[in-house]
Amino acid sequence: MTVRLFNSLTRLKEEFVPREQGKAAIYACGPTTYNYFHLGNARMLVVFDMVRRYLIFKGYDVTYVQNFTDVDDKIIKRATEEGCDPFVLARKYIDEYFKDAKALNIIPADVHPKATEHIFEMIEIVRKLEEKGLAYHAEGDVYFAVEKFPGYGKLSGRSLEDMQAGARVEVDEKKRNPMDFALWKKAKKGEPFWESPWGKGRPGWHIECSAMALKYLGPGFDIHGGGGDLIFPHHENEIAQSEGCLDGEPFAKYWMHNAFITINQEKMSKSLGNFFLVRDVLQKFPGDVIRFYLLGTHYRSPLDFDDEKLVMASKGLDRLKNSVRLAKEALNKVLPKEETLSEDELIKTVQAARKDFEEAMDDDFNSAQAYAALFELAREINSYLAKEMKQPYALTQAYSTLLELGRILGFDLEAEEAVSGEEEGKLGQVMELVLEIRQNARKKKDWNTADLIRDRMKEIGIVIEDTTEGARWYLK
RNA sequence: GGCGGCAUAGCCAAGUGGUAAGGCAGAGGUCUGCAAAACCUUUAUCCCCCAGUUCGAAUCUGGGUGCCGCCUCCA
């Protein structure tokens, strides 16, 4: 079974055929580090993390590169406002990035290149473009001459005429065509700068991704990803620069773009000011719940945000986790008998879940549909546990499959609150005592005490549930 | 103005020619001292509206309505 994905460049679902058999090279446009990242950034990060994990599951040797834009207008502006050094500011938010990313269970990229560490490579590209006549120098700035690149507009699906018709770009006297964009910017007073053939300056935004993608992945790499708002101008310009400087090779083969998160049906964005920082949302909901919410909708559909949606996600995720916990509990009790029939209903469900999951994911990473396979497996496990006859083999298969499929999407369904080994042993002993006291109270029909213990423990984060075989407890 | 996207139950959300996945919420039941969890049953004669193509459409075509995005930094 092969993976099919929607290629923004062709606007078609295409079969994924990598440049090099068995390998997948992915470049994702990471955040500009002048603040903590918001939910919109998180969607992009989680989506491409899922893409990466799934391709690994499919057996590809994946190289995943995600940059940090650590020098640009916004960073400089913010640093000026706060009276600090722009590099220090960028460095800080790069560090903070990894904290939030970890909470969302995003695997660090194989390479996290920073723009400021690739100035030389960028200058080389600009120089080459200038040599080829695709770029021109004007008073310390260098611009890309859009008219000289025939394919300009192929990604965003519009012609130069279309763009100019609707363009309200500031008329810059230095530009030959209003759509020309900066490759290199002359440094203003007090701004960070690097020496270059055109004087002191700094790179334009788009050039960094061209330089770093080509450096780490080479021409014609497999997947270039990012948020939909990067299609124009950022990715369009990346293509122009990169393919302009290459000799006929394509820059990237497949372009993937995720849709936006909206607030009250309006795009969440930094400029509108209606954004929610992941750092803040984490105060109210755990990272895996946020991730579960984000992947509950296909990545190319818009996703509206409010707390209620996270509550729904939280309950759904709990359902999956409960099922895993219950299965594990049963497995610890069931005495392994000889394995008999393999035609067990549960085994069939396990196989079906695996198949459905993979079919959904093969079809343009349809994680929302893949969820259904997870839930169906969970329900079958639960209902199996209610039966008398239990086969350890079937149950083990079901349990490990649910865990495995969850993990492919980046969920650890077995995760409990972290407790160190020694503490765990002590906690177990304490809980044994607590449950014994409570059981005595229940025998005496002292419901007040029994309920008090249960309620107070819940506040602490320990759930007590009564079953016919005695009480169970777990951390939540 | 140019280009593009979306419209499925109370809410969220798959499905894109063969007769509506899944989750949350709700209702009834089982279990329970109660609760929680879990299980069973139930919840869209219908997929924004109109016309058309077809044996057959939520799915294709045309028209309409509504919402959104890109065209300027933004995931």
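Chain letters run A, B, ... following the sequence lines, proteins first and then strands; every chain starts at 1.
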Touch class at under 4.0 angstrom, heavy-atom based, for [X] against every strand present:
| X | result |
| --- | --- |
| A:H38 | base |
| A:I261 | base |
| A:F260 | base |
| A:K315 | sugar-phosphate |
| A:R438 | base |
| A:N382 | sugar-phosphate |
| A:N322 | sugar-phosphate |
| A:Q265 | sugar-phosphate |
| A:S301 | sugar-phosphate |
| A:S383 | sugar-phosphate |
| A:A259 | base |
| A:G40 | base |

Open item on the list: Using atom C1' in both nucleotides, what's the gap between B:U8 and B:A58 to the nearest angstrom?
Closed with: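 Taking atom C1' in both B:U8 and B:A58, they lie 7 Å apart.
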
Open item on the list: Roughly how many Å apart are B:A14 and B:G52, using the P atom of each and rounding to a whole number?
Closed with: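 Per the computed distance, 32 Å lies between those P atoms.
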
TODO: Measure the acute angle between the ring planes of A:W255 and A:H224, then classify it against the limits of 30° and 60° as parallel, tilted or perpendicular.
DONE: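 Rings of A:W255 and A:H224: parallel, as their planes differ by under 30°.
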
Open item on the list: Tell me whether the rings of A:F144 and A:F149 are parallel (<30°), tilted (30 to 60°) or perpendicular (>60°).
Closed with: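 Judged by the thresholds at 30° and 60°, the geometry between A:F144 and A:F149 is perpendicular.
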
Open item on the list: Under 4.0 Å between a side-chain nitrogen and a carboxylate oxygen: does that hold for A:R53 and A:D49?
Closed with: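 Yes, this pair counts.
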
Task: A:K355 bridged to A:E359 by N-O distance under 4.0 Å - done: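 Between A:E359 and A:K355 there is a salt bridge, with a charged N closer than 4.0 Å to a carboxylate O.
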
Is there a donor N/O on one and an acceptor N/O on the other, under 3.5 Å, for the side chain of [X] and the base of [N]?
| X | N | result |
| --- | --- | --- |
| A:N366 | B:G15 | no |
| A:K309 | B:C12 | no |
| A:R454 | B:C34 | yes |
| A:R442 | B:G33 | yes |
| A:D229 | B:C73 | no |

Does the structure show a Watson-Crick or G-U wobble partner for [N], both distances under 3.5 Å? Name it, or say none.
| N | value |
| --- | --- |
| B:C3 | B:G69 |
| B:G22 | B:C12 |
| B:U54 | none |
| B:U59 | none |
| B:U30 | B:A38 |

- [ ] Counting heavy atoms from C-beta on, name the nucleotide in B:A38, B:A75, B:A14 closest to the side chain of A:R319.
- [x]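 Selected nucleotide: B:A38.
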
Open item on the list: Hydrogens and angles aside, do A:H235 and A:H206 bring a side-chain donor and acceptor to less than 3.5 Å of each other?
Closed with: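 Short answer, no.
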
- [ ] Decide whether a cation-pi geometry holds between A:R325 and A:Y474; the criteria are a distance under 6.0 Å from NZ or CZ to the six-membered ring centre and an angle within 45° of the ring axis.
- [x]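 Yes, A:R325 sits over the ring of A:Y474.
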
